[in-house]
Protein chains: 2
Amino acid sequence: MKPTAVTWAVLGLVALAPKSGYDVKRIIDRSVRHFWAASYGQIYPELRRLEEAAWIEGDDAPRGARSRRVYRITPEGRRALQEWLHGHETRVELRDESLLRLFFADTLRHDEALALLRGRREGYRRLHAYLRSLDDGQSTDPPFVDLVYQWGLDYCEWGIEWCDRQESRLRRAA
Amino acid sequence: MKPTAVTWAVLGLVALAPKSGYDVKRIIDRSVRHFWAASYGQIYPELRRLEEAAWIEGDDAPRGARSRRVYRITPEGRRALQEWLHGHETRVELRDESLLRLFFADTLRHDEALALLRGRREGYRRLHAYLRSLDDGQSTDPPFVDLVYQWGLDYCEWGIEWCDRQESRLRRAA
DNA sequence: TAGTGCATGTAATGCGTTACATGATTTC
DNA sequence: GAAATCATGTAACGCATTACATGCACTA
């Protein structure tokens, strides 16, 4: 079993609680999607690979006539997950198209360039609103799941303030 | 010409100043790599596609016997770049493996989980040191190039403080 | 009865990296 | 004379998305 990028997302989610492939996709979309996306085309094949490697085990759990397979983590799977959790130097890397646009804003008129900065602010605002909409106000997540959720909110708030600050600075300078 | 993700990075860099393929790669590695990477396997084919589309034009500019081709943007290329700069809603998306690890930290002992948080802090610190090492203290970049550089520094500083704050909060809670 | 959500999956395509190959020039 | 940098490129591979296909169950 050669683990890939999607391995740990799927294995980790199954470790938190047993899940079907559909569950995995749904939870990815609702909790880690803004920093770690995955599609069905990755998830279902990965579940089979993980089961072959005996890192997870699947049980048929149909609902009525609708077939359904729920996976749970095995002791070996848990060991592998923990090794991954420990064994990596953290490298901060991101892919941010809006930052790329800002980088080229010197090819624009000053007011157009400032509009890009406001657009970035708006992107942060939208993500913030989306993240807040995910919180139903009553479900209690485990502490680190909640921590990462909070990171998303804090990051957006920081980003909004950063854009505001820079915009006024650049206006004063002009 | 169907633009892809790498199109705009290459076209934008050539728009800032004429460049060879090697230059494009070098500058990507030194200025936008932490939020927008690209490899030779993308850059050289993309330069040819851009030239075919007449968005850039290449001039042979050998240095001694070493062949070299320098590209500059055309008016059509500049128009296309500006359209891209204007015509997009900003969507904040990132890929952050360390955040994914943190998300699964509830499967660990509390002290191990806190170690992950310190590891993230360390990742920010390393990127910060790297970014600072890029600044030679005398070259003056255009304002928005500099703004994006500053974003990187500010983001790291914010990230370090965030990790510190959360770590003490979680220690107090325990 | 129509629409939404649950549930599983595959095929085609495109994106991006890694590793390789080649050779000149500059710097120590 | 060795090492680093300049300079151009390709082939193989792996990663990820998009679009498609199928069908059941619930609810307005």
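Each chain gets a letter, A, B and so on, in the order the sequences are listed, and its residues count up from 1.
The side chain of Arg95(B) places an N or O atom within less than 4.0 Å of a non-bridging phosphate oxygen (OP1 or OP2) of dA16(D). Residue Arg63(A) has a polar side-chain atom (N or O) positioned under 4.0 Å from OP1 or OP2 of dA7(C). Contact between the side-chain N/O atoms of Arg68(B) and the OP1/OP2 oxygens of dA7(D) is found at a separation under 4.0 Å.
Take Pro142(A) and apply the side chain to side chain contact (heavy atoms under 4.5 Å, CB included) test, not counting sequence neighbours, and it matches Val145(A), Asp106(B). With sequence neighbours left out, Arg63(B) forms a side chain to side chain contact (heavy atoms under 4.5 Å, CB included) with Arg68(B).
Using a cutoff of 4.0 Å between basic side-chain nitrogens and carboxylate oxygens, Glu122(A) and Arg118(A) are not scored as salt-bridged. Under 4.0 Å is where a charged nitrogen must lie from a carboxylate oxygen, and between Asp29(B) and Arg26(B) no such pair does. Between Glu52(B) and Arg48(B) there is no salt bridge, since none of the side-chain N atoms of the basic residue sits less than 4.0 Å from a carboxylate O of the acidic one. Classification of Arg121(B) and Asp164(B) as a salt-bridged pair holds, one side-chain N sitting under 4.0 Å from a carboxylate O.
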Determine all donor-acceptor pairs shorter than 3.5 Å in which one atom belongs to a side chain in residues 33-47 of chain A; sequence neighbours excluded.
unit_1	atom_1	unit_2	atom_2	d
Arg33(A)	NH2	Glu93(B)	OE2	3.2
Gln42(A)	OE1	Ser39(A)	N	3.2
Tyr44(A)	OH	Tyr22(A)	N	3.4
Glu46(A)	OE1	Arg49(A)	NH1	2.9
Glu46(A)	OE2	Thr7(A)	OG1	2.9
Glu46(A)	OE2	Arg49(A)	NH1	3.4

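Distance, Arg66(B) CZ to dT27(C) P: 10 Å, rounded to whole Å. Whole-Å rounding puts the Ile43(A) CD1 to dC15(D) P distance at 16 Å. Distance, Glu46(A) CD to dT8(C) C1': 16 Å, rounded to whole Å.
For Arg79(A) and Trp55(A), the positive end is not near the middle of the six-membered ring at less than 6.0 Å and at most 45° from its axis.
Recorded end-axis angle for the helix from dT1(C)-dA28(D) to dC28(C)-dG1(D) stands at 40°, based on five pairs per end and rounded to 10 degrees.
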I'd like a table of atom pairs between the protein and nucleotides 9-14 of chain D - only N or O on both sides, under 3.5 Å - with the distance next to each one.
unit_1	atom_1	unit_2	atom_2	d
dT10(D)	OP2	Arg48(B)	NH2	2.9

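Among the nucleotides dT17(D), dA16(D), dA7(D), the one closest to any side-chain atom of Ser39(A) is dT17(D).
Other residues, nucleotides and ligands contribute at most 12 non-hydrogen atoms within 6.0 Å of the CZ atom of Arg132(B).
Note: Leu147(B) CG to Arg169(A) CZ = 6.0 Å, rounded to the nearest 0.5 Å.
Scanning both residues, Arg78(B) and Ala15(B), for their nearest heavy atoms gives NH2-O, 3.5 Å.
Listed by residue number, the members of residues 13-37 of chain A with any heavy atom below 4.0 angstrom from DNA chain D are Ala37(A).
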